There are 2 protein chains.
Amino acid sequence: MGANFTLERQNVRPVAVGNHALLRDLPGDGAVRPGDGIGSLERLAGLMHFKRNQMIFSESDPAAQVYRVQSGCVRLTRLTPDGRRQITSFLHAGDWFGFEWFSVYGVNAEAVSDVCVQSVPRRVLDRLIREDAHVAGYFHELLASRFAQAQDQLMVLGRHTARERVAGFLLSLANRLSAGGGMLELAMGRQDIADHLGLTIETVCRVLHDLRKQRLVSVPDIHRLGILNAEGLATLVEGAAMQAEAA
Amino acid sequence: MGANFTLERQNVRPVAVGNHALLRDLPGDGAVRPGDGIGSLERLAGLMHFKRNQMIFSESDPAAQVYRVQSGCVRLTRLTPDGRRQITSFLHAGDWFGFEWFSVYGVNAEAVSDVCVQSVPRRVLDRLIREDAHVAGYFHELLASRFAQAQDQLMVLGRHTARERVAGFLLSLANRLSAGGGMLELAMGRQDIADHLGLTIETVCRVLHDLRKQRLVSVPDIHRLGILNAEGLATLVEGAAMQAEAA
DNA sequence: CGGATCTTTGACTCGTCTCAATGCGCGTGG
DNA sequence: CCACGCGCATTGAGACGAGTCAAAGATCCG
């Protein structure tokens, strides 16, 4: 069970390529014009790059920065003392993260692929939230929708079978990446999928194999997946028991 | 797997014993004094009673009211189309609920025991949040801590064994009800515990049996449980693999 | 007291995990 | 340019934890 992931806290610190380092010491918080909304946040953000599997922050770090994915894919993970891993979510372009927690990030954030993220000091965000009700509302909604996602995931982990989990995951990914009838980019490896769904890598492989055999999906290569029959997958998810099993 | 719970939406509407019905039509929102903080909310709250297993709201209801448990225990649940149930959380005296969602309650709320709850119209809460930064911050933190709880539960459902789940649940309950070295009130039945932990009722029974045999807990009667060895339970939870198995 | 509901226990099944071997793709260095 | 090694994915065989089904207690409440 779990991962025994070999990355373990390789504290290679990222290359700051934006104005992040500058921002930290600027008196220029005053540059944030209240009422300017989210825009000013984005303008204040520094840019950083992380390479595949590099750690962005660890769960015990003080939550000093808030991040936003600009490109690539980020995973949020938790570990048990004995190394079992749970990936609580995958983040894609446009997603904020690190804002959900107060004193300390409660999760590890790692780059799934090479990523580019924006970062804003927590202090700046807090100030903006205090001064601009619009920003406050925005982040409140963000938190609420993150909470809703977590609730969905609880249902999945608590009550869905392996097949339902994988089918649901693929559909939600297709939805998130709005890959209509087309091809999905699977930025994450099989182990990551397994750790997100509370399964083992072998089970994920076997389920994918079955789905392919049933012509619900195609797997042209490891990191691409085509959804051939979204309705079929949806039926799988919705606990309709399913009988069609043959190839 | 799951519950096939026989309660199914018995839409017995609750007896409103407070000023809740009045509040709905009062012009008296003006009575809320900004800066008065949470206090004014509680003063505006109506009181309601619900009997065991009575539904407080259903997941598809518009989220028109926000609630707070005054006494008793409430469960928040979700159902799959085929009847599998997941209890996302149990709420006790002092806990707010129903505020996490915007348009529609995303969960069913039901009385585990006979309960007494306060309720406040969503409209009133929203207004107070807009006018009083203190209240806004309070509910933001509430949401954040609810989110953190959900994260914990993800770890449990995704990566913990049956024994770890039950042990962890008992400890968190003991913690919540601050029953120091003493006796826990188990307001919820075995099926509820199972549906909270992603197990079956039989598995919960068997694990409790084992824990009793190992003298980690005592079970004087169905609704009471004594924690005899909190450290032992904690060891179980922390994935330390455990070897002691004999009686 | 009697029936309904919930809990406990047992015997057996089954889905998923574990362990192990093999395959594949890709980057590196000879 | 190819051989090698490394990391990941796949596949198979067998084990095991938790689920299912069934029957026998408890408990609750009228």
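Every chain is numbered from 1, with letters handed out A, B, ... down the list of sequences. Model, not experiment: these values are computed from the prediction.
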Open item on the list: Between D:dT11 and A:R190, counting only base atoms on the nucleotide and side-chain atoms on the residue, is there a donor-acceptor pair under 3.5 Å?
Closed with: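 Checked by distance alone, the answer is no.
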Task: base_contact_polar (D:dG12 base, A:R206 side chain, donor-acceptor, <3.5 Å) - done: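 When only heavy-atom distances are counted, A:R206 does reach the base of D:dG12 through a donor-acceptor pair under 3.5 Å.
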Donor-acceptor pair, distance only, cut-off 3.5 Å: does the side chain of [X] make one with the backbone of [Y]?
X      : Y      : value
B:R163 : B:V207 : no
A:S113 : A:C73  : yes
B:R165 : B:H160 : yes

[X] [atom1] to [N] [atom2]: how many Å, rounded?
X      : N      : atom1 : atom2 : value
B:D221 : C:dT8  : CG    : P     : 10 Å
A:L197 : C:dT16 : CG    : P     : 12 Å
B:R163 : D:dA18 : CZ    : C1'   : 13 Å
B:L157 : D:dA18 : CG    : C1'   : 15 Å
B:E164 : D:dG17 : CD    : C1'   : 12 Å
B:R212 : C:dT7  : CZ    : P     : 15 Å
A:M188 : D:dC8  : CE    : P     : 15 Å
A:I201 : D:dG12 : CD1   : P     : 16 Å

TODO: To the nearest 10°, let me know how far the axis at one end of the helix from C:dC1-D:dG30 to C:dG30-D:dC1 is tilted from the axis at the other, five pairs an end.
DONE: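 The two end axes of the helix from C:dC1-D:dG30 to C:dG30-D:dC1 meet at 30°.
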Task: Short side-chain N/O contact from B:H209 to OP1 or OP2 of C:dT9, under 4.0 Å - done: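 Affirmative; the distance criterion is met.
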TODO: Could you tell me whether the phosphate oxygens of C:dT16, OP1 or OP2, come under 4.0 Å of any side-chain nitrogen or oxygen in A:T203?
DONE: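 No, no such contact exists.
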What's the closest nucleotide to the [X] side chain, out of [options]?
X      : options                : answer
A:L199 : D:dA18, C:dT16, C:dT18 : C:dT16
B:E202 : D:dA9, D:dA22, D:dA18  : D:dA22
A:R52  : D:dA9, D:dC21, D:dC8   : D:dC8

Open item on the list: Less than 6.0 angstrom separating the ring centers of B:F97 and B:Y67, yes or no?
Closed with: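 Ring centres of B:Y67 and B:F97 closer than 6.0 Å.
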Open item on the list: Restricting to non-hydrogen atoms, name the atom on A:V112 and the atom on A:V74 that form the minimum distance, rounded to 0.1 Å.
Closed with: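 Smallest interatomic distance, heavy atoms only, reads CG2-C, 3.9 Å.
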TODO: Check whether any side-chain heavy atom of A:S58 lies under 4.5 Å from a side-chain heavy atom of A:D61, and answer yes or no.
DONE: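 Yes, side chains in contact.
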Task: A:V204 vs A:Q191, side-chain contact (heavy atoms from CB on, under 4.5 Å): CA-CA, chis, key distance, verdict - done: CA-CA 8 Å; A:V204 171; A:Q191 181 69 67; over 6 Å; no
